[in-house]
Amino acid sequence: MTDVSSTPGEPDAAAGTGIDTTVPHSARIWNYWLGGKDNYAVDREAGDQFSAIYPGIVDIARADRAFLGRVVRFLAGEAGVRQFLDVGTGLPTADNTHQVAQSVAPESQIVYVDNDPLVLTHARALLTSSPEGSTHYVDANMADPAKVLLEAGKWLDLTQPVGLTFMGVLGHVTNHDEARAIVTGLLDGLASGSYLAINDSVNTSEALEEALRVYEASGAVPYRTRSVEQFAGYFDGLELVEPGVVLVADWRPDPSADRGPEIPQMGGVGRKP
Amino acid sequence: MSTDQRDDGRAGDVQGPTVPRMLVGIQLHRFREVAGITPDQAAYEIRASRSKISRMENGLVRFKERDVTDLLTLYGVTDEKTRSGLVTLTRQANTPGWWSKYGDIMADWFEAYLGLETAASVIRTFELQFVHGLFQTEDYARAVTMLGHTSAPAQEIDRRVSLRLKRQDLLNGPTPPQVWSVLDEGALRRPVGGPAVMRAQLERLVEMSKLRHVTIQVVPFSRGGHAAAGGSFTVLRFSEPEVPDVVYIEQLTSALYLDKREDVDHYLEVMNHLSTEALTPTQSAKFITEIIRDT
């Protein structure tokens, strides 16, 4: 028998695949809204049901990716960050974090964190690094910051600045205090000069709230919006990068791009002093 | 949809006639449905069979420009821009691919596959018996070819092998597809061509797995009862958002091409289970290296 010793962050050989195709799956629905092909009928139905109540969700999905692109370009460019911790990877789409970072600085090192088996399988196969840099994948729940830091520390030098990103994922944590604790717990383990970047939905649209209620009732993992104040609170104690905590469309917009429709999606970037 | 919605980051270059064919087919299908015309009525208009209409709409045949314009007229598509756009695409669809000069040794059903493979942005394969054609060494390819064509003259075997190697140019081009191959351990253990040939083949696999656009995963025997009840299959994905994934299943004397969403969903689901059940790419490279060491 050939021996396969375990590598950090690799799944347990004895475990099942853990892919459930009978209930809608957030990463696959997100992929559907982005026009991807990695989704099943159950996801498309849930996605259509959602967008029937709140059509802006497709704009939110696109704005989220566009924000990620602008933020990572800023971090790898102006801010000179060379290490990234991307929490809540999602299924590969266009312009994933390592592609954007390595297009600016090919030597950038990226650790993707997710605990979804389908996402991890795709990430390991498709989110592959430039020869100069590296990409690694950590199988961990963000609710366990100590484990995330321990695993990420195997690939990143945590005494040097890291760009920590949560792109449309903190709403998966239903309790806001817990979400705050995750952000704080991870930031505490990062060096001074590290950056925190978040975008997420806020609770200013009744239609979005209604769509999220129906979505949750379908058996999918719930997603919660935050108040504007709660969202801004994630950046407490950090030096906010201009223009601060704003609607994602207003965060250093690409002058050549359309501003897009109004959506209750906020974003911000802060530097750890 | 804008190009930044592509899910693979590939440039929008069109390689070979296959994707234009599919795009012409998809549009003909859509126009026919909107016009409420049956395949039989459409077939009658261009003096063809109902199955020809179906093959046209699936992008599996060459188009006569005249047939396309006649069908558009039948479907009430009068807008000049739409018509001329589709005619341009039809001309692209009729440009022969590099593989056309191998027509003498190649069945039509395989020619169609080469077109898809050349145009794909992501190729996902599950292999039970053999190492995938894109990764085969010349000796291994020769051994596999001889298994399938026992009575063929040497010259024909040479041409078949040369076609297989020529296919591999795809991986060295400027915008290679992402090839994601899941192999059953059996494909690694069966000594096709003898131990020496097999060993070199395994070494090639390890080398290939280092390429950024190649992913190799092994399903070891110890993970029995895996999700592919049937056998080997391939899922081809294209950059164009409107072109669906195509499932390719090779049989002895023909092949199956599936692109209906419910079929594709099913195979994609099986492929996802297999890839998740398999060893990770890192573990797989180690696993193959250890088989080499043990032989």
Side-chain angles (χ1 to χ4, degrees), chain A residues 1-11 13-19 21 28 31 33-44 58 61-62 65-66 69 91-96 99-100 103 116-131 135-137 139 257-258, chain B residues 1-10 122 124 178-182 185 188 211-218 220-223 226-227 235 237-239 241-245 261-262 264-266 268-269 272-284 286-291 293-294:
Chain A
M1 190 60 235
T2 307
D3 169 63
V4 179
S5 53
S6 168
T7 310
E10 308 255 330
T17 64
I19 301 177
T21 53
R28 295 193 310 246
N31 172 271
W33 286 328
L34 284 171
K37 300 171 190 172
D38 285 309
N39 46 74
Y40 303 137
V42 62
D43 311 307
R44 296 189 288 277
V58 174
R62 289 184 188 158
R65 297 307 293 184
L91 286 166
T93 169
D95 297 330
N96 302 290
Q99 285 156 329
V100 179
S103 73
D116 182 281
L118 183 69
V119 166
L120 284 167
T121 297
H122 278 78
R124 289 191 184 102
L126 301 177
L127 302 183
T128 50
S129 175
S130 70
T135 50
H136 291 282
Y137 322 96
D139 180 1
D258 187 355
Chain B
M1 189 163 294
S2 69
T3 51
D4 63 3
Q5 298 299 323
R6 290 171 186 280
D7 43 14
D8 48 58
R10 259 187 123 208
V122 182
R124 294 182 69 178
Q178 197 85 34
V179 184
W180 180 359
S181 184
V182 178
E185 183 175 346
L188 304 173
L211 294 175
R212 189 180 180 183
H213 53 279
V214 170
T215 302
I216 293 174
Q217 288 188 265
V218 177
F221 290 147
S222 58
R223 296 185 188 180
H226 46 67
V235 182
R237 172 158 302 173
F238 307 91
S239 304
E242 62 273 49
V243 178
D245 289 351
R261 197 62 219 235
E262 57 268 34
V264 171
D265 269 11
H266 184 70
L268 206 55
E269 198 179 317
N272 283 335
H273 274 283
L274 283 164
S275 326
T276 306
E277 206 176 44
L279 302 175
T280 65
T282 317
Q283 290 169 341
S284 298
K286 262 193 227 165
F287 188 88
I288 301 172
T289 308
E290 292 183 18
I291 293 181
R293 212 181 49 200
D294 294 347

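The model shown is predicted, which means the values in this text are computed figures rather than measured ones. Chain identifiers are assigned alphabetically (A, B, ...) following the order of the sequence lines, protein sequences preceding nucleic acid strands; residue numbering begins at 1 within each chain.
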So, using side chain to side chain donor-acceptor pair (under 3.5 Å) as the criterion, who are the partners of Arg212(B) when residues are at least two apart?
none

For side chain to side chain donor-acceptor pair (under 3.5 Å), just list the numbers for Asn272(B) and Glu269(B), CA-CA rounded to whole Å, side-chain angles, deciding distance to a tenth of an Å, and then say yes or no.
CA-CA 5 Å; Asn272(B) 283 335; Glu269(B) 198 179 317; over 6 Å; no

What pairs with Ser129(A) under side chain to side chain donor-acceptor pair (under 3.5 Å), at least two apart in sequence or on another chain?
Gln102(A)

Name the member of Glu262(B), Arg261(B), Gln217(B), His213(B) that forms the most heavy-atom pairs with chain A at distances under 4.5 Å.
Arg261(B)

So, the part of Arg124(B) with a heavy atom under 4.5 Å from chain A: the answer is side chain

What part of Arg44(A) gets within 4.5 angstrom of chain B, counting heavy atoms only: side chain, backbone, both, or neither?
side chain

Side chain of Glu290(B), backbone of Phe287(B): donor and acceptor closer than 3.5 Å?
no

